[in-house]
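Let me begin by presenting the structure, written as structure tokens, before commenting on it.
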Amino acid sequence: MATYTGRPNRLSSTPGASSMPRIPRFLINSAATSGTSAKPAHTSPASPALPRRRILGGLALSAIMAPRAKAALLQPLAVEPWTRTPGAPVLDHPYGVPSQHEAGVVRREARAWPVPGAASSLTPLADLHGAITPNGLVYERHHAGVPDIDPDQHRLVVHGLVREPKLFTMDDLLRLPSESRVHFLECSGNTASEWKGPSGLPVQITHGLLSCCEWTGVRLSTLIEAAGGLATNDGHTPRWILAEGADAAAMTRSLPLDRVLDRAFVVYAQNGERLRPENGYPLRLLIPGFEGNTNVKWLRRLKLVDAPLETREETSKYTNLLADGRARQFVFEMDAKSVITRPSPGHQLTMHGYYPIVGLAWSGRGAIRQVDVSTDGGRTWQPAQLDGPAKDRALTSFHAGWVWNGEPAAILSRATDSTGYTQPTREALVEARGLNSYYHYNGIQQWRIGADGSVRNA
Ligand SMILES: Nc1nc2c(c(=O)[nH]1)N[C@H]1C(S)=C(S)[C@@H](COP(=O)(O)O)O[C@H]1N2
Ligand SMILES: [Mo]
């Protein structure tokens, strides 16, 4: 079980932080009171903004420090084994890997799928910091496994209602003007576990079909231009675009041109390096804000058409059944949503006092404008602080201060996006959409804190 030490992720105050309580003095060296090894306080760098006298003064006043930790403060720093001899040589790992102490921070599978090659793995949200998902931890969803594609043989064709149908090699694409933008990617099945009420699952399993990368590639509009521009043939006007993958599922989706043309791009890189095989190497479609499955991986074909093709993913799959038996088709945008990642189920609060509440918010319809946090089950709310300017259709991390008095509590977060839309309660969502739905669950998520400091999805 992870121990949540409650270390603040930012010590300096920032404009707009008025709702945020000042960091209590005893917190400055909280590491000395929790965890297994009590380290001398002066090894942990404190904020330069806080004068040393105040830090030490705060410690002296602290009523919660374990006697062992207090004694350790008076000892000189130990000279640890790693300080006594030179460390590992350069290029120990030509491609770097995380510290061996972070070996538990990995993607996990939530469930077994009934079809060979069909699988998903989830991002460990509770262990990540900031808004970017490292490439090795981006969630995966494959309908028919991960193809091993030779980039030199891969081709992208742009055809249909264009003037000059065109075949692109990867080299061709790399010579076209490129763009790098940060966007989240969320599977429409993310958090489906909570439709019928709290599932008991941790945040990696409830919300981990969610990642955020800086993607680099070529705008769809640039590709269409390179194919001579849109063309009307035999009375057929280009209004939709069909995207097809080169995997064994040949994943195929039709997309309305007027809603994707301004922001869709075909990407060959994520977070500075070429796409990982599991995320679509060598090429994928990225439509910021749209449900995960429209972001066709291993992209090999874009066809301009006049109407949706009604593929399998648009009829049998990825429709949303309402209470009255009718289904919504072509629901593309992921609505505003947020979740508290720390503390979250599996964490353990180890002391009474100050804890930052840390989480993520996002919207498929724009930028996050505000996040509110409640610690009393949704009766009262306080605005959280957004960690940096919120980007369009990107994960935005937030934090809020909380002093836990040791009583049972229920912590929640609620996102509002730049369209003015606010994340609904589960009850409001069920009221509007019924219980036949599977996809697009974005209800407010609550975690319960027990008097023993346990955190549960209950
Ligand atoms: N060709 C192809 N594209 C695909 C898929 C697939 O199985 N095949 N899965 C889709 C689904 S359902 C999702 S949620 C996202 C997942 O992208 P990721 O694996 O990079 O996280 O890719 C989409 N694109
Ligand atoms: Mo998905």
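Start at 1 and go down the list; that is how both ligands and their atoms are numbered.
- Scanning the protein for heavy atoms near atom 11 (C) of ligand 1, the closest one is N293 CA, 3.5 Å.
- Under a 4.0 Å heavy-atom criterion, E244 is not in contact with ligand 1.
- The protein heavy atom nearest to atom 23 (C) of ligand 1 is G292 O, 3.4 Å.
- Contacts of Y139 with ligand 1, taken as heavy-atom pairs under 4.0 Å, involve both backbone and side chain.
- Using the six-membered ring where Trp is involved, H207 and W362 have ring planes that are perpendicular, over 60° apart on the 30 and 60° scheme.
- At a 4.0 Å heavy-atom cut-off, ligand 1 does not touch L209 at all.
- A salt bridge links R263 to E333: one of the charged nitrogens lies within less than 4.0 Å of a carboxylate oxygen.
- A cation-pi geometry, defined here as NZ or CZ lying under 6.0 Å from the six-membered ring centre and within 45° of its normal, holds between R181 and F265.
- Polar contact with ligand 1: absent for W298 (N/O pair, distance under 3.5 Å).
- Every atom of ligand 1 is numbered from 1 in the order shown, and the set under 4.0 Å from a heavy atom of E278 is 19 (O).
- Contacts between C187 and ligand 1 below 4.0 angstrom, taking non-hydrogen atoms only, involve backbone and side chain alike.
- Among pairs with a residue in residues 413-446, those fulfilling ring-ring contact (aromatic ring centres under 6.0 Å, His included) read W195-Y441, Y318-Y439, at least two apart in sequence or across chains.
- Inclusion of R141 in the set of residues having an N or O under 3.5 Å from an N or O of ligand 1 is warranted.
- Residue, atom and distance of the protein heavy atom nearest to atom 24 (N) of ligand 1 are N295 O, 3.1 Å.
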